[in-house]
Number of protein chains: 2
Amino acid sequence: MSSVTKALQLLTHFSTARAEIGLSQLCRIAKRDKATTYRHLQALEIAGFVEQNPSTKQYRLGPTVLQLAQTREATVPRKASAQRPLLDLAEATGETSHVTVLSGSTVYGLASCDSQRHGTRAIIDIDTFPLHATASGLCSVAFGPEQLMDAAKSNLTQFTDTTPTSIDTLQATVESVRKTGFGHASRSFETEVEGLSAPLFDQTGQFAGAISVASVATRFTPELEHTIKEHLIIAAREISHNWGGIIPTTIEGLWARSLTSTHKLETTS
Amino acid sequence: MSSVTKALQLLTHFSTARAEIGLSQLCRIAKRDKATTYRHLQALEIAGFVEQNPSTKQYRLGPTVLQLAQTREATVPRKASAQRPLLDLAEATGETSHVTVLSGSTVYGLASCDSQRHGTRAIIDIDTFPLHATASGLCSVAFGPEQLMDAAKSNLTQFTDTTPTSIDTLQATVESVRKTGFGHASRSFETEVEGLSAPLFDQTGQFAGAISVASVATRFTPELEHTIKEHLIIAAREISHNWGGIIPTTIEGLWARSLTSTHKLETTS
DNA sequence: AACATCGGTTCAATATATGAACCACAATAG
DNA sequence: CTATTGTGGTTCATATATTGAACCGATGTT
């Protein structure tokens, strides 16, 4: 491992929960030699990546990261940084995939990608995704800000005969999303389309959008569902990472449980 | 110079104007060896500080900086990161100093610091600074968003007999701030106080606030004015840096000219 | 077909990173 | 009023990781 990598790794130990770290403390956390760590910190300090609290001598993140983040945010739009994982997802599942972002109480389509594998494809050609009827929408209601539930309740347009049109069925559906970590819209927007989705998180740590796969219903077997979920997880992690966020451990836990149970179902059936 | 420092220096070459840089190009810009630069970029890529545009192979800032910036923003408030330069300023000038931030059309006091050097001190004990009558306010009008001028015009309260109360005198005063790079409130808020200020900038590149020195009028000689301006510049650079910004070169130019002319005045008088 | 780029790789030479032991200081504890 | 234990910071011989000229294959230009 290069010394550059080692030095940069030190930065990963700073968080809102542990904003300031002393030299000795950091050595323990990172399991590193003190002299080396000290020199690494000095190099990071020169570059403005860390600074020392003058009163406590503890180190904390420096102002340079603000500048860099500004540049990154200004030059790499969310869409571009979601493109690659989206393509991989469509490729791996053989189904059409979407990335949506939440703005206010509206779920906007940010990017989509068709797989070339099958002749029939799910074409979702809309700008905004209904909260109650699409996998992305349900994911947003389940993991986004609370007022989204009200927004969803206030527009329960019926698209198919399985669209949740009552407040009770909507709440039950959202509840199951919160339990499994996946949004699931079973032919509730288009009669021939099964939607599965996973939440995305950005640098604020908040829900920022969703990644979804729209599968042609006739192909939607338990095996495909399992495959889609596996790749949704990969894509969600990657896009969240590109947006400066991480998947909360609670969600990771839901996914882990959700996948093992699906797997059981798959092997016992 | 350590290899860590050298690697981190590479990041300074990325900006909104030059968001993506190829390996060879970066070597020319940074005047570095190609093999070394390549390895440094690899280390930065592992840590997520840069990433490669898959299609062009060019490098750009990576998602990690977003996370770090989030943590920095959440854990180091503006006030804390302005404190030290503010103290140094008060110390160096022997006068009371303030940091103000702009929020909407209001200039709020963020922090202040008294010098212990003199028995008499300028005490500015307010939460919000009048736009037209204080050095910080004038600086905000001069370098902040345009609508501030309207806000200033709509409240021309007379505090002293030199307070600019007409739209014409206000505009003339602001004009001179734009010419010199320094806000100057000559006994226009308190009869015994001369105020000098300089603008502050944050990571968005926009005007974010002002740093000011309130000097007791009887002490306010051309020599002191020159000293205050010198140290205002230092403080403004430092606080802006701590907020993730830099002083625009136009302002730096104004200051340079402004200071040499003051110096001439000082030596010829 | 010759030439000039590009991103990426190799390997011997050596400059640079390393860490045990060492300060000086501050805050406890006995 | 010492010990003790913690801290941030420093030293220096050792050795390991960094370095850059030269090289490669690919792509594009003249």
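Within every chain, numbering begins at 1; the chains are lettered A, B, ... in the order of the sequence lines, protein sequences first and strands thereafter. Basis for what follows: all heavy atoms, side chains included, without hydrogens, waters or symmetry-related copies.
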Going by atom type alone, with no hydrogens or angles, which donor-acceptor pairs under 3.5 Å involve a side-chain atom of residues 83-93 of chain B and a protein atom two or more places apart or on another chain?
residue	atom	partner	partner atom	Å
B:Thr93	OG1	B:Leu89	O	2.8
B:Thr93	OG1	B:Glu95	N	3.2

- [ ] Applying ring pair (Phe, Tyr, Trp, His ring centres under 6.0 Å), name anything that partners B:Phe182, two or more places apart in sequence or on another chain.
- [x] B:Trp255
TODO: Round to a whole Å and report the spacing from CD of B:Gln58 to C1' of C:dG7.
DONE: 11 Å
Open item on the list: Without decimals, in angstroms, what is the distance between B:Leu26 CG and C:dG8 C1'?
Closed with: 15 Å
Open item on the list: Does anything in residues 7-33 of chain A form a salt bridge (Lys or Arg N to Asp or Glu O under 4.0 Å)? List the pairs, not counting sequence neighbours.
Closed with: A:Glu20-A:Arg60
Task: Within residues 63-80 of chain B or reaching into it, pairs that qualify as salt bridge (Lys or Arg N to Asp or Glu O under 4.0 Å) - sequence neighbours excluded - done: A:Glu51-B:Arg72, B:Arg78-B:Asp202
TODO: Could you check whether B:Gln52 gets within reach of a base, just the sugar-phosphate, or nothing at all, counting any heavy atom under 4.0 Å?
DONE: sugar-phosphate
TODO: Would you indicate whether the side-chain heavy atoms of B:Tyr59 and B:Thr37 approach each other to under 4.5 Å?
DONE: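 When only atoms from C-beta onward are counted, B:Tyr59 and B:Thr37 do not touch, as no gap falls below 4.5 Å.
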Open item on the list: Using the side chain to side chain contact (heavy atoms under 4.5 Å, CB included) criterion, which residues pair with B:Arg237? Sequence neighbours excluded.
Closed with: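 B:Arg237 satisfies side chain to side chain contact (heavy atoms under 4.5 Å, CB included) with B:Ile233, B:Ile247, B:Glu252 once adjacent residues are dropped.
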Task: Any residue meeting side chain to side chain contact (heavy atoms under 4.5 Å, CB included) with A:Thr100, in chain and number order, not counting sequence neighbours - done: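 Checked A:Thr100 against side chain to side chain contact (heavy atoms under 4.5 Å, CB included); matches are A:Val107, A:Phe129, A:Ser136, A:Ala210.
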TODO: List in chain and number order the residues that pass side chain to side chain donor-acceptor pair (under 3.5 Å) with A:Gln25, two or more places apart in sequence or in another chain; answer none if no residue qualifies.
DONE: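 For A:Gln25, no residue satisfies side chain to side chain donor-acceptor pair (under 3.5 Å) once neighbours in sequence are set aside.
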Task: A:Ser3: side chain to side chain donor-acceptor pair (under 3.5 Å) partners, not counting sequence neighbours - done: B:Ser3
Task: Covered region of DNA chain D, 5' end to 3' end, by chain A [heavy atoms, under 4.0 Å] - done: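 So the contact region on DNA chain D extends D:dT7 to D:dT18.
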TODO: Report, as a single string ordered 5' to 3', how protein heavy atoms within less than 4.0 Å touch nucleotides 10-27 of chain C: B base, S sugar-phosphate only, - not at all.
DONE: B------SBBB-------
- [ ] Return the set of residues passing salt bridge (charged side-chain N to carboxylate O under 4.0 Å, His left out) with A:Glu45 (not counting sequence neighbours), or none when no residue passes.
- [x] none
TODO: With axes from five pairs an end, tell me the bend angle of the helix from C:dA1-D:dT30 to C:dG30-D:dC1, nearest 10°.
DONE: 30°
